[in-house]
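Atom set for the values below is all heavy atoms of this structure, side chains included, hydrogens, waters and symmetry mates excluded. One is the number of the first residue; the rest follow in order along the sequence.
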Amino acid sequence: MEKRLLGVDTNITQWQRRQNANNNFTAEVPYDMELQRKQLREFLDDLQTRDQRMMLATLTIVHTADTLEELNRNTKAIQAVGQESLCQIGILKIQQLDGLNTVLPVGDKKLCLSRTLTTEALSAFVPFRVQDVKHTHGIYYGQNVESRNMIIADRRNLLDGNSFVLGVSGSGKSFAAKSEITNLMLSSDADIIILDPEREYTPLVRWWRFQRRAMPISMPWTCTGTMGKSIPL
């Protein structure tokens with residue numbers, strides 16, 4: 001990597017010398033050469049400061065279909081997903097058998113194809129490297145940033161089930177809380193207590209009372225209180 005960076009710096013220096021020889025002292029370095037030097041420097045800095053290593057890896061995807069049309073359609077869909085992450089996925093035209101033998105769990109690589117990846121990037125493809133949360137009776141909480149898999153969690157099965165929602169105004173805090181409450185209402189028999197001085201969750205509670213059951217603790221909220229009603233403090 002250092003030799004490659006040195007070669008790019010040499011090419012830029014030679015280009016600048018040619019421009020100076022033509023009395024063009026204000027010429028700027030071409031964008032592609034400057035971009036290549038910037039990317040190499042960032043990559044080399046990542047290897048040195050974060051203790052990364054460069055590894056040769058072969059990533060092979062095998063998918064099947066019942067018909068040729070479905071196979072071609074699925075292939076284009078997979079390639080489109082890769083292009084969204086600036087990853088070009090090629091097709092093994094006459095190496096399908098070698099590709100199939102490569103993905104078999106026997107440790108025999110049949111394809112003479114490989115590319116360079118850092119240890120951090122390569123770790124995302126190791127199944128036991130990424131820890132996913134997928135409980136049987138859990139609800140959706142988001143997406144794992146490493147594996148891109150859904151996070152299906154049941155707070156009762158977690159070491160610490162407490163949580164809080166933070167965000168600026170209009171970022172969706174109430175929507176996230178209402179979504180979680182609705183999922184809990186529909187998927188479990190948990191007792192849900194909502195302290196809502198601003199009456200923001202009243203439509204949700206009314207809908208739930210109509211669907212199944214809900215017991216208002218204080219409605220309306222008064223300072224004197226009446227029999228059978230609690231006064232929130």
Quiz prompt | Phe25, CZ: over 12 other non-hydrogen atoms inside 6.0 angstrom | solution =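 Atom CZ in Phe25 is packed in, count exceeds 12.
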
Quiz prompt | NZ/Lys109: more than 12 non-hydrogen atoms of other groups inside 6.0 Å | solution = yes

Quiz prompt | Expected output: side-chain Lys134 to main-chain Ala153 donor-acceptor under 3.5 Å | solution =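 Checked: no pair found.
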
Are [X] and [Y] close enough that some pair of their side-chain heavy atoms sits under 4.5 Å apart?
| X | Y | answer |
| --- | --- | --- |
| Asn24 | Thr26 | yes |
| Leu40 | Arg4 | yes |
| Ile181 | Leu204 | yes |
| Thr58 | Thr60 | yes |
| Ile152 | Tyr141 | no |
| Arg199 | Thr202 | yes |

Drop me the distance from [X]'s [atom1] to [Y]'s [atom2], to the nearest 0.5 angstrom.
| X | Y | atom1 | atom2 | value |
| --- | --- | --- | --- | --- |
| Ile151 | Tyr140 | CD1 | OH | 8.0 Å |
| Cys87 | Gln79 | SG | CD | 10.5 Å |
| Leu59 | Ile89 | CG | CD1 | 9.5 Å |

Quiz item: Does any pair with a residue in residues 94-104 pass side chain to side chain donor-acceptor pair (under 3.5 Å), and if so which ones, sequence neighbours excluded?
Solution: none

Self-check item: Steps toward side chain to side chain contact (heavy atoms under 4.5 Å, CB included) verdict (Asp9, Arg41)
Solution: CA-CA 11 Å; Asp9 290 335; Arg41 286 180 176 177; 3.9 Å; yes

Hey, can you pull the donor-acceptor pairs under 3.5 Å for the side chains in residues 28-36, sequence neighbours left out?
unit_1 : atom_1 : unit_2 : atom_2 : d
Glu34  : OE1    : Arg37  : NH2    : 2.7
Glu34  : OE2    : Arg37  : NH2    : 3.2

Give me the atom names and distance for the closest heavy-atom approach of [X] to [Y].
| X | Y | answer |
| --- | --- | --- |
| Val62 | Gly99 | CG2-O, 4.2 Å |
| His135 | Asn157 | CE1-CB, 3.7 Å |
| Tyr201 | Ala177 | OH-CB, 3.5 Å |
| Thr64 | Asn74 | O-ND2, 4.4 Å |

The criterion is salt bridge (Lys or Arg N to Asp or Glu O under 4.0 Å); which residues satisfy it with [X], sequence neighbours excluded?
| X | answer |
| --- | --- |
| Arg115 | none |
| Arg73 | none |
| Lys110 | Asp108 |

Quiz prompt | Remaining members of hydrophobic cluster (4.5 Å side-chain criterion), Leu113 | solution =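 Leu92, Leu111, listed by chain and number.
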
Practice problem: Kindly determine whether Ile78 and His63 satisfy side chain to side chain contact (heavy atoms under 4.5 Å, CB included), including the steps that lead there. | Solution: CA-CA 10 Å; Ile78 294 174; His63 67 100; 3.6 Å; yes

Quiz prompt | Hydrophobic cluster identity match, Leu44 and Ile12, side-chain contacts under 4.5 Å | solution = yes

Exercise. State plainly whether one hydrophobic cluster holds both Leu100 and Ile61, where clusters connect Ile, Leu, Val, Met, Phe, Trp and Tyr through side-chain heavy atoms under 4.5 angstrom apart.
Key: no

Can you sort out the partners of [X] under side chain to side chain donor-acceptor pair (under 3.5 Å), two or more places apart, ordered by chain and number?
| X | value |
| --- | --- |
| Lys38 | none |
| Ser171 | none |
| His137 | none |
| Thr182 | none |

Exercise. For Asn149 and Asn144, run side chain to side chain donor-acceptor pair (under 3.5 Å): C-alpha distance rounded to whole Å, both residues' side-chain angles, the deciding distance at 0.1 Å, then the answer.
Key: CA-CA 5 Å; Asn149 294 329; Asn144 193 314; over 6 Å; no

Quiz prompt | Residues Lys178, Glu200; criterion side chain to side chain contact (heavy atoms under 4.5 Å, CB included); working and verdict | solution = CA-CA 10 Å; Lys178 292 176 183 178; Glu200 185 178 359; 3.9 Å; yes

Quiz prompt | salt bridge (Lys or Arg N to Asp or Glu O under 4.0 Å): pairs with one or both residues in residues 54-70, sequence neighbours excluded | solution = none

Self-check item: Pairs meeting criterion salt bridge (Lys or Arg N to Asp or Glu O under 4.0 Å) with involvement of residues 154-163, two or more places apart
Solution: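 Residue pairs passing salt bridge (Lys or Arg N to Asp or Glu O under 4.0 Å), neighbours aside: Asp154-Arg156, Arg155-Glu180.
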
Self-check item: Test side chain to side chain contact (heavy atoms under 4.5 Å, CB included) applied to Ile139 and Leu184, step by step
Solution: CA-CA 7 Å; Ile139 62 177; Leu184 289 174; 4.0 Å; yes

